[in-house]
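Start at 1 and go down the list; that is how both ligands and their atoms are numbered.
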Amino acid sequence: MSEWYADVIVDISHEKLDRPFQYRIPERLWGKLETGACVTIPFGNGNKLLKGYVVGIGTVCKYDAGKIKEIRGVEMGGAGAEDKMIALAGWIRKNYGSTMIQALKVVLPARRSVKKLEHRTLQRVMGREEIISLLGESRRKKQAAKERLLQELVNQESIPYEWVTGKLGVSSQTVKSLERTGAVRVISTQTLRNPVRLSDTEEQKKHLSADQRRIVEEIMADFDRGRPDIYLLHGITGSGKTEVYMQLVSEMVDRGRQAIVLIPEIALTYQTLLRFYNRFGDRVSILNSNLSPGEKYDQCERARNGEIDVIIGPRSALFTPFPEIGLIIMDEEHEGSYKSEASPKYHARETAIEAARLHGASVLLGSATPSLESYYRAETGEYKLFTLKERLTGGHLPQVHTVDLRRELKEGNRSIFSRKLQELLADRLSRGEQSILFLNRRGYAGFVSCRACGHVMKCPHCDVSLSEHNEGKGADRGILMCHYCGYHEPKPKNCPKCGSKYISGFKAGTQQIEEKLREMFPGVRTLRMDGDTTRTKDSYERILSAFMGGEADVLIGTQMIVKGHDFPKVTLVGVLAADLSLSVGDYRAGEKTFQLLAQAAGRAGRGTLPGEAVIQTYQPDHYAVVQAAAQNYEGFYKEEIIYREMMGYPPAAHMLAVQIFAKAQERGHTLANDLADISRRYFDNRTERTCADAPQNASERPGQLQIIGPAPASIGRINDIFRFVFYVKCPKYDKLIQIKDLLEEEIQTRQLTNELVQFDFNPMNTM
Ligand code: ADP
Ligand code: ZN
Ligand code: ZN
């Protein structure tokens with residue numbers, strides 16, 4: 001009978017120890033130890049006893065069998081949740097590529113010395129009238145944070161403390177000063193069993209519509225017969241998705257299970273939180289980036305101890321250590337922020353599905369504009385599809401006007417505002433209604449197009465737009481480059497299609513728009529929201545609440561204004577340069593454009609007044625523009641999926657980006673080439689060539705597998721680090737994992753110190 005050995009990761013806080021150490025498994029533990037188990041092991045010369053995690057088990061001894069040490073024991077207690085977390089980390093490592101330590105750090109919260117756990121609540125002490133007068137005072141004194149807090153206290157008698165410092169962005173000093181005036185008091189759970197007094201805004205349990213009920217019943221029926229599944233709920237904003245989520249969460253809690261509700265940070269509005277809070281009281285908690293590590297850890301402890309059933313939060317809330325998850329909900333599932341930008345570059349959707357598999361839980365994805373991936377899987381039967389078509393909030397879909405900017409120029413209008421938009425803006429200003437101007441600034445810098453005919457310079461091999469290369473001094477100036485395959489050509493002086501000299505990148509920012517608007521409409525009150533005006537933590541919320549409060553006629557901003565928030569008084573939305581994002585050198589450009597335009601147009605007419613939207617574009621006939629104007633998701637999907645299938649882009653195939661970072665350009669270049677060659681050889685060895693004399697840069701190899709590049713990244717150098725990338729496309733994800741493993745091995749044997757390699761599976765953005 002052979003011996004058994006375990007690979008053990010010793011300490012996840014030491015990057016240096018990021019490799020498993022092998023230990024013998026004592027006979028009494030045979031068959032009892034699984035990957036993910038937490039064990040005690042003797043370590044180092046002194047054989048100090050340490051805790052470690054088992055990351056692999058086998059019968060092959062990799063070291064001197066005589067010298068190998070033995071595992072001392074298994075840690076028990078609270079292990080259930082932890083085991084699954086470690087299994088999940090292993091899955092993340094395998095599927096996205098990273099070290100085991102990096103993966104463990106994603107799933108396990110940073111430990112800290114836990115001081116006494118307490119759950120604090122802020123309670124209103126003064127009466128409502130007094131709070132209102134304080135509110136008036138802080139408004140006059142322009143104490144924005146205090147004002148926000150008091151505003152909430154007008155309707156709420158108590159607020160969980162982590163929301164005060166989290167979503168409301170109010171500092172503890174501000175709370176203390178209010179406490180001193182006797183307006184509020186902070187109460188901890190030690191003194192009060194149930195800190196939540198439901199007040200006048202109590203969330204009424206809605207009588208679900210027939211469509212909503214059918215969804216809840218079907219998901220619960222699958223769950224109850226032991227077949228939890230993956231569901232996609234396609235429903236426009238206001239169609240009742242959140243109500244479905246809450247009912248499902250409640251059903252799960254009734255069955256003794258826990259639920260995770262993922263919401264992109266930017267859409268995590270106080271209103272949504274309040275609805276959950278009023279429905280589930282102190283059994284629900286939130287996680288967000290404003291919480292301190294200590295506060296985050298507390299939430300995890302509360303989950304582990306069974307003090308809460310529901311957690312709401314962005315991507316990382318997925319790793320809340322609940323003992324027995326029944327349901328994972330992912331709202332706005334198409335959002336790019338669900339993909340991690342740091343290694344391991346995991347996608348919360350796939351990871352949620354794996355976590356659900358480990359727990360025997362259901363997964364519900366919700367969106368008004370589902371990702372191509374999810375809709376594709378719903379079409380192929382991998383997910384079950386539900387649709388909610390009607391808006392329950394009243395309000396109508398806006399009337400959308402599409403304006404052809406080429407015609408504007410031809411007819412003598414050189415302004416950034418089309419005549420239609422000018423006319424409607426004037427109308428709204430005269431009636432005292434609000435407008436939003438949205439500058440689609442994605443891909444602002446990169447691409448080059450003709451203002452006379454709309455022609456965009458594209459790569460002849462990849463069907464994505466070429467970017468103006470601006471990083472190099474001198475040599476690279478005036479070069480247009482494809483950042484998938486490296487194709488390049490000189491930047492033309494005249495448009496190759498119509499000959500006009502108006503060929504350039506688009507160069508208007510929100511500030512310029514604001515200036516132009518003020519020139520055109522003297523006295524107009526504006527607010528601007530973009531990367532520059534939202535640097536500080538609470539400026540985002542401040543601008544939004546100022547606009548909600550009617551302090552401006554027009555809100556000008558980038559993508560962040562079209563997400564999440566509802567502006568009932570807005571009756572006009574203008575989209576400037578709708579197609580900017582169409583021309584990003586990225587296969588998801590069409591999808592992102594459709595989502596942004598559909599969301600932007602949908603901002604108008606949320607309230608009782610009907611709304612209008614103007615979409616200004618150089619490509620009025622592009623299907624993403626046409627279908628967004630018609631608010632027709634299915635129509636968009638049908639056209640977009642043809643493009644993906646034809647080009648072999650996800651979800652029709654899978655794509656692995658191998659990203660190389662290097663201090664020295666030449667070495668980075670060589671490494672990129674070497675790694676691409678290794679990948680190429682792997683293919684040549686294992687797969688039949690479908691084409692006898694396939695070209696080296698095989699963007700045209702028709703069969704199953706393609707390697708594209710390497711090429712310099714779209715930003716070829718950042719902080720003096722050179723960046724290269726190549727892509728591997730394949731219908732089978734497994735094959736890409738094999739390539740990744742092979743490359744990881746190669747990287748390890750090379751012991752790179754001045755170069756770094758990262759993997760990005762099905763990337764959301766080009767690098
Ligand atoms: P979504 O999440 O799709 O935007 P919500 O669940 O927030 O939609 O619902 C939109 C509005 O309709 C909310 O104000 C909600 O309270 C209300 N609502 C949802 N379902 C019902 C229902 N069955 N009966 C009455 N009102 C409902
Ligand atoms: Zn032209
Ligand atoms: Zn190309």
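Applying the ring pair (Phe, Tyr, Trp, His ring centres under 6.0 Å) test to Phe759 and every residue at least two apart in sequence or in another chain returns nothing. Phe386 pairs by the ring pair (Phe, Tyr, Trp, His ring centres under 6.0 Å) definition with Tyr231, not counting sequence neighbours. Shown here are the ring pair (Phe, Tyr, Trp, His ring centres under 6.0 Å) partners of His654, two or more places apart in sequence or in another chain: Tyr733.
Residue-ligand proximity, Thr237 to ligand 1, at heavy-atom distances under 4.0 Å covers atoms 4 (O). Listed by atom number, the atoms of ligand 1 under 4.0 Å from Leu208 heavy atoms are 23 (N).
Summarising the geometry of Leu327 relative to Met252, their closest heavy-atom pair is CB-CG, 3.7 Å, with the distance given to 0.1 Å. Ala378 approaches Leu385 most closely through the heavy-atom pair CB-CB, 4.0 Å. Nearest heavy atom pair, residue Phe726 against residue Gly709, reads CB-C, 4.0 Å. Residues Lys493 and Ile503 come closest through the heavy atom pair O-CG2, 3.4 Å.
A side-chain donor-acceptor contact under 3.5 Å links Tyr487 and Glu489.
Here the shortest heavy-atom distance to atom 20 (N) of ligand 1, taken over Glu332, His207, Gln212, belongs to Gln212.
Under a 4.0 Å heavy-atom criterion, Arg275 is in contact with ligand 1. Within the structure, ligand 1 has Ile236 among the residues with a heavy atom less than 4.0 angstrom away. Heavy atoms of Ser209 approach ligand 1 to within less than 4.0 angstrom.
Counting only protein N, O or S atoms, 4 lie closer than 2.8 Å to the Zn ion (ligand 2).
Note: Tyr375 and Tyr633 meet the aromatic proximity criterion, with ring centroids under 6.0 Å apart.
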